[in-house]
Amino acid sequence: MIEIPKAYEPQSVESKWYEFWDQNGCFTADPARVSDARPAYSIVIPPPNVTGVLTLGHVLNNTIQDILARKARMDGKEVLWLPGTDHAGIATQNVVEKTLKKAGEIKHRDDLGREALVARIWEWKEKYGGIILKQLRALGASCDWTRTRFTMDPEYSRCVQKVFVDLYKKGLIYRGKRMVNWCPGSLTALSDEEVTMKEQKGFMYYFRVEVVELVAQPASAVDPAGGGGLSTDPGEGACATSQTLAIKPTGIFLTIATTRPETIPADTAVAVNPKDPRYQHLIGKHVIKALPLDVPKELRVIPIIADEHVDFEFGTGVLKVTPAHDKADYEIGLRHKLPVIDVLTPDGKMTAEAGADLAGLDRFVARKKSAELLEAAGALEKAEPYTNNVGFSERADVPIEPRLSEQWFLKYPSVEASKACVVSGTGSTGAPPVADRALAVGAGAAQADGASVVGARAGVEGGAPGTAPGAGAVPGADAMRFYPDRWAKVYDHWMGGIQDWCISRQLWWGHRIPVWTLPLHVSGNEVAQQLRDYFKEWGIPSEYVFIEVIQSKPDCGDTIRFLTSSDEADAASAKLNSFFQFGKFDASLHEGFPTAHAKDLARAIMDGPAAHQATQDPDVLDTWFSSWLWPFATMGWTGDKSQDSKNPTLQAFYPTTDLVTGPDIIFFWVARMIMAGYEWMGDLPFRNVYFTGIIRDKQGRKMSKSLGNSPDPLDLISQYGADALRFGVMRAAPLGQDVLFDEQTVELGRNFCNKLWNACRFRQMQGGAGLVAQPPSAELVVGQTPSSASVQQAPRPVDPENGTAGGACATTSTGDDVCGEIDPTLLTSDDKWILLRLDQAIREVTQAFADYKFSDATATLYRFFWSEYCDWYVEASKAAFYGTDDTLKANKLAVIDFVLGHLLRVFHPFLPFITEELWHSMGFSKEMPESQGGKTIMFAAWPKPFTDEEKSYFQLDDAADTIAQAKYDLVVLARALKRDCNIDPAKRVKFVVRPAGPMPAAEVEVLRILLSAESLDVVGSDWQPEKGTPMKANALGELYLPLTGLIDFAAERVRLTKELEKIASEIEKVQSKLANPNFAQKVPAKVLEEHQLRLADWQAKEGQIQAALASLPE
RNA sequence: GGGUGGUUGGCGCAGCGGUAGCGCAGCAGUCUUACACACUGUUGGUCGGGGGUUCGAAUCCCUCACCACCCACCA
């Protein structure tokens, strides 16, 4: 006999079952099993950073995914939950660089060099990377670990390269010199999305400049504005021609407001609004820049220009134009052909061009310094405290610098198709959110043209929300839903104003841009053609390599640009690779290399300076440029249509069903995945997107290391158990709202598990010991019960003590010799009540799933299990268990088993470990066929609510429900009565009941047990209580608490009067409503009736109380 | 500046047109033979302010206030 411990101890249970699931391949998805009867369900994990460790955010996110996956398995779907990690360029490189620096191995990344550093990062990744995936196991995540992917897996890299070449060929990727967000901390360009605005306190500096006129010398008619003196190219030096201009002071001063005085040396104009009457007359004149002071005035002359961009309300209405260091200014510079002076180094220090006073200083030090310089020169008018928004690098947390640099940009593909493809997801009435799909639509089969998608949207807006928008359309091409749907607006807004994406990063860790350039001294076209022939000879298909001749500077020869999605496994590509690494050209002159051609080529290329070698672009791609392919690149996508159409995984599981992620990456990731999905798969990447909230502490603050308010989930798991953490977090996480995390909620989860544990223990004790050890009975297979599926699903645990008094095997009157069969004729009102509650709970939880309202589901589970099952049903069942009627006991056990068997299954997605443990130790697993719960509860069928047939089979009518409910109500009233009469709650007292209708002895006993009464006498209408006996009454009858000689009449009078007052006020409320002539006239009949009933109800109570009051002796 | 979400008892939330509910916490009892990680009972709210629609409003509309987040090149 196995004794269940008094308290649930999760630790050993959790590791045991996780190992069991894992080793038995329970998480493994097999596309071959997908069929009409077994639809596919898929989720791809939002890949955590490979450097990541588990946070509460991950717990929230992955618990939801796990719940969805487990529910889908119980629904009989073939489930793929695909895990993996992201290489996370900047973050990972930073981590490893820091580690190396800390260890004193390097001072700077250059100490190692590119190849060595990347090798070290790989080393680090192999050793420490993906810890988080291991941690997810502790949480119970049912990921298909056999399919774990990394965004820098060779196959994945090939996808990235392929996509790059594809986009390039489509003309969507281009290289250009643009203003980008430059991170002086990480020394790389960033996308707009990686910049977060922060309010910063600083100063608005007002400084004066003198307006001058320039008198051109006849000798040199140079335009001072565009003059070489202010040339962009420092190598060409200051333009001496300016010196020949005479400066004529005007005595007029302009005051300029700026927050960045350190950029004054980089100003190349001063702008005013052309409509600004204050300054119109100055347009075309010049000013002398205030800085740098060590440059002669003549060299600091900049023009006053007119530009609409200038807001004359702001500051002084005069804008200093710094094309090198401000996006808007750069635009102005372009419009007015202004020169660009860069005074900042990549790491944010002032260059020599900023003047001797500032050169070498950090930009923020220089800001103060330049203010001082202005002040010293008498140019500073004032400095006012000022708060403005400054863009920060999300990763490095330093202010970014707008910086002109040469980068790769992407014009987003499939934008039109991706726009407005999201429909409202609120209504639960619509198509099932968890889309059932038979064989998934593969690439090419689906048509997601913009028109049909937009049409779907229009239909919804046209007043038919919730109707399946894609109905009639190509399967798989219907729209996507966001939960909560308000994010669709955010998505639409972003899609509407979409800007080209800067995809190159000046880092070493990542997907290196698959572009090589080869400067030539000969005709590019000729060489290009030669090369194409060459590749042809090698057998390299043209789609693998793209060759073009690009424009070069006039004094140089042509440059050839190659793009290739190289495949190292491919012999031809190996040649290609070695070819591009031109330094190794000679080494490649071995067998198979067409020597003649090679020589020609070598001559063509190498007949020049050594610098003229093919070099690969040094930059890597933005991490998101690989993650946006995640839904299909993880499934073995190749981009080759015929190959992909034969890929069972892709065919079965793409598009994925649900995506669970945070709204903070809606642009970074979600939107881009949608575009990528349309572009390369011809279909959206997922049907539903669930946006989690953000985890905050109980004061509503974001979790952060510095605040120390972010508990380690693993600590919580070891302290409370994974189920407890899951349940706690889900309870606290309503759809669409941030989660205020309090450890207390995990404690509550633990208590809940413990309660569940003990509820099962109670069942074990009633049935005797040894449930576990009992072999399964052959005849206990599903399919023998009367009507229906759900009854058939009801597991009936093997009774331990076949034949004993406590056993469930007492033959029931149905005539079946099935153990634990519920005999409907023996069901008490309590039994029927709990079955109805169970039914209701199953309905609610199932609906909550359909709506993605997991906190609703947990609330229902909590209520049903704790408040209804434990507090009432189990307590009531003790009447039978303490009694002597074995038939009744057996039937009671059958009901309990039925309820627990369903309960465990409904709980399983939320509490996978404890439910699995109990499923087995209670013997439920022995009841079920191997594939439907016999082996693991994971594949047991999700409980269904009762059908009408089943309800009538069990005679689950409202009457029984009402009786049980009234019984419990009366118990509550009686307990309160005991308190009101100042009776020690522990004292067992005698009650007397006068039932309003017939009341079987068993019911009376239940009532007695619930009241924990010493006795409960049933009396008839002829019985008269002693005057003033405290009484409570409801529809069930009147309950007296005879207190011979103990009644405090005065106290009782007070109590009753108080009660009467309350009732009177309720009556008054209803009456006044009914008295309103408008009310009776306008109100629906149902409401009117309901009010009248309520009134009658209160009045009846009033009568009872009044009678009691009247019976009190004077 | 624009947008979104929120404002219901001490805390966290539900209710979204017809008797203001739940869970924690609090308070008072109880080691009642599943569970003190429990049980029983119980105190707290004119639903942010104002206006409107309605027989009736926490619930719909308008407006204001505050909080949070997102977007936006105001130097």
Side-chain angles (χ1 to χ4, degrees), chain A residues 4 6-8 179 196-197 204 256-260 263 271 309-311 313-322 326-332 386 388-389 391 402 484 486-487 489-490 493-494 497 663-664 666-667 693-694 696 698-700 720 724 731-732 734 736-742 744-745 747-766 855-856 858-859 862-863 866-867 870-871 874-875 878 882 972 975-976 978-980 984-986 988 1012 1066 1069-1070 1073-1074 1076-1084 1086-1088 1090-1091 1094-1095 1097-1098:
Chain A
I4 300 192
K6 203 169 170 181
Y8 174 54
M179 281 306 260
T196 53
M197 300 307 271
M204 181 67 88
I256 306 174
T258 182
T259 52
R260 302 199 60 185
T263 63
H309 171 260
V310 181
D311 175 0
E313 302 277 304
F314 191 89
T316 59
V318 186
L319 172 70
K320 68 191 264 306
V321 183
T322 324
D326 185 281
K327 241 181 194 173
D329 289 7
Y330 179 71
E331 298 296 320
I332 297 176
Y386 187 74
N388 64 340
N389 280 332
R486 68 185 132 90
W487 293 109
K489 254 191 191 175
V490 177
H493 183 254
W494 187 78
D664 49 333
I666 188 167
F667 310 135
I694 296 167
R696 297 168 180 281
K698 60 179 166 183
Q699 289 156 57
Y720 300 102
R731 234 182 119 261
Q737 264 165 274
D738 287 352
V739 184
L740 300 199
F741 181 83
D742 185 345
Q744 204 173 263
T745 195
E747 199 180 325
L748 192 126
R750 178 203 55 184
N751 296 354
F752 190 78
C753 291
N754 189 246
K755 186 83 175 171
L756 180 59
W757 185 256
N758 276 290
C760 289
R761 239 181 106 223
F762 173 78
R763 156 67 185 90
Q764 296 287 65
M765 293 168 102
Q766 303 317 316
S855 61
D856 283 14
T858 53
Y862 192 100
R863 184 205 69 222
W866 203 307
S867 309
C870 290
D871 288 352
V874 170
E875 292 308 317
K878 288 176 182 173
Y882 294 169
V972 171
R975 285 170 180 165
K978 240 172 121 178
R979 178 197 52 114
D980 288 342
D984 178 358
R988 301 177 74 87
S1012 52
E1066 292 296 336
K1069 256 200 252 175
V1070 187
K1073 264 188 164 182
L1074 288 168
N1076 185 337
N1078 280 323
F1079 183 79
Q1081 264 173 22
K1082 298 190 179 174
V1083 113
K1086 207 179 131 196
V1087 176
L1088 185 65
E1090 191 257 319
H1091 275 77
R1094 197 191 307 160
L1095 180 64
D1097 212 40
W1098 284 117

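Chain A is the first sequence line, chain B the second, and so forth, proteins listed ahead of strands; every chain is numbered from 1.
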Response to the item:
The glycosidic conformation of B:G15, counting syn as within 90° of 0 and anti otherwise, is anti
Response to the item:
A:L1088 atom CG is separated from B:U19 atom P, nearest whole Å, by 14 Å
Fill in: Same-atom distance (C1') from B:A68 to B:C62, integer angstrom
24 Å
Discussion item. Rounding to an integer number of Å, can you tell me how far A:I666 CD1 sits from B:U4 P?
Written reply: 14 Å
Discussion item. Let's see if you can work this out: which of B:C69, B:U40, B:C39 has an atom nearest to the side-chain heavy atoms of A:R696?
Written reply: B:C69
Worksheet item: Counting only distance, no hydrogens or angles, is the base of B:C35 paired donor-acceptor with the side chain of A:K755 under 3.5 Å?
Response: yes
Worksheet item: So does A:R750 reach the base of B:C37 with its side chain, donor to acceptor, closer than 3.5 Å?
Response: yes
Item to complete: Round to the nearest Å and state the distance from A:Y862 atom OH to B:G21 atom P.
Response: 20 Å
Discussion item. Using whole Å, what does the distance between atom C1' of nucleotide B:U54 and atom CD of A:Q1081 come to?
Written reply: 14 Å
Worksheet item: With sugar-phosphate meaning primed atoms plus P, OP1 and OP2, does A:R1094 contact a base, only sugar-phosphate, or nothing at under 4.0 Å between heavy atoms?
Response: base
Practice prompt. Can you figure out which of B:A34, B:G18, B:C37 approaches the side chain of A:V1087 most closely?
Written response: B:G18
Worksheet entry | Distance, rounded to the nearest Å, where A:D871 contributes CG and B:C35 contributes P | 15 Å
Worksheet entry | Inter-nucleotide C1' distance (B:U30, B:C69), Å rounded | 48 Å
Fill in: C1'-based separation of B:C61 from B:U46 [nearest Å]
22 Å
Fill in: Gap in Å between the two P atoms, one belonging to B:G12 and one to B:A25, rounded
15 Å
Worksheet entry | Salt bridge present between A:E1090 and A:R1094 (N-O < 4.0 angstrom) | yes
Worksheet item: Where do A:T745 and A:A732 come nearest, in terms of heavy atoms and distance?
Response: OG1-CB, 4.2 Å
Item to complete: State the dot-bracket string of RNA chain B. Criteria: Watson-Crick or G-U wobble, both atom distances under 3.5 angstrom; notation: ( ) intrastrand, [ ] crossing earlier pairs, | interstrand, . unpaired.
Response: ((((((((.[[[[.)..(..]]]].(((((.......))))).....[[[[[..)....]]]]])))))))....
Item to complete: Describe, in one word, how the ring planes of A:F314 and A:Y386 are oriented to each other, choosing from parallel (under 30°), tilted (30 to 60°) and perpendicular (over 60°).
Response: perpendicular
Item to complete: Write down the atom of A:R260, the atom of A:T263, and the distance for their closest heavy-atom approach.
Response: O-OG1, 2.8 Å
Worksheet item: Over how many whole Å does the gap from A:M765 atom CE to B:C35 atom P extend?
Response: 7 Å
Response to the item:
Residues A:K6 and A:N754: closest non-hydrogen pair is O-ND2, 4.2 Å
Item to complete: Indicate whether OP1 or OP2 belonging to B:U4 is found under 4.0 Å from a side-chain N or O atom of A:R486.
Response: no
Practice prompt. Examine B:U33: is either OP1 or OP2 under 4.0 Å from a nitrogen or oxygen in the side chain of A:K6? Give yes or no.
Written response: no
Response to the item:
The residue, A:D738 or A:Y882, whose nearest nucleotide of RNA chain B is more 5′ is A:D738
Item to complete: For nucleotides B:U63 and B:C70, find the distance between their C1' atoms and express it as a whole number of Å.
Response: 24 Å
Response to the item:
To the nearest angstrom, the CG-P distance between A:N751 and B:C24 comes to 9 Å
Worksheet item: What interatomic distance, in whole Å, is found between P of B:G49 and the corresponding atom of B:G29?
Response: 37 Å
Discussion item. Which is more 5' along RNA chain B, the nucleotide nearest A:V874 or the one nearest A:Y8? Just name the residue.
Written reply: A:V874
Discussion item. I'd like the P distance from B:G23 over to B:U40, given in whole Å.
Written reply: 11 Å
Item to complete: Indicate, with a heavy-atom threshold strictly under 4.0 Å, whether A:P663 touches base, sugar-phosphate, or nothing.
Response: nothing
Discussion item. What's A:C870 touching, base or sugar-phosphate or nothing? Going by heavy atoms closer than 4.0 Å.
Written reply: base
Worksheet item: Which nucleotide in the list B:U42, B:C35, B:G23 gets nearest to the side chain of A:R979?
Response: B:U42
Worksheet, complete the sentence: So CG of A:L748 and CG of A:D742: to nearest 0.5 Å the spacing works out to 10.0 Å
Worksheet item: Considering only the C1' atoms, how many Å lie between B:C27 and B:U43, rounded to the nearest integer?
Response: 7 Å
Item to complete: State, to 0.1 Å, how close A:G315 and A:A257 come at their nearest heavy-atom pair, and which atoms those are.
Response: CA-CB, 4.2 Å
Worksheet, complete the sentence: Smallest heavy-atom separation, A:D871 atom then A:E875 atom, equals O-CG, 3.2 Å
Discussion item. Nearest 0.5 angstrom please: A:D326 CG to A:I332 CD1, how far?
Written reply: 8.0 Å
Worksheet item: Should the pair A:W757 and A:Y8 be assigned to parallel (<30°), tilted (30 to 60°) or perpendicular (>60°) ring geometry?
Response: tilted
Practice prompt. Would you indicate, yes or no, if B:G56 has its OP1 or OP2 atom less than 4.0 angstrom from a side-chain nitrogen or oxygen of A:N1078?
Written response: no
Worksheet entry | Length of the NZ-C1' vector between A:K878 and B:U32, whole Å | 8 Å
Worksheet item: Under 4.0 Å between a side-chain N/O of A:W757 and OP1 or OP2 of B:A38, yes or no?
Response: no
Worksheet, complete the sentence: Ranking B:G18, B:A20, B:A38 by distance to the side chain of A:K1069, first place goes to B:A20
Worksheet item: What's the closest nucleotide to the A:Q744 side chain, out of B:U42, B:C35, B:C24?
Response: B:C24
Worksheet, complete the sentence: When every non-hydrogen atom of A:A759 is compared with those of A:C870, the smallest separation belongs to CB-SG, 4.3 Å
Worksheet item: Could you give the distance from CE (A:M179) to CG (A:D329), rounded to the nearest 0.5 Å?
Response: 8.0 Å
Discussion item. What does the B/S/- profile of nucleotides 70-75 of chain B look like, 5' to 3', with a 4.0 Å heavy-atom cutoff to protein?
Written reply: -SBBBB
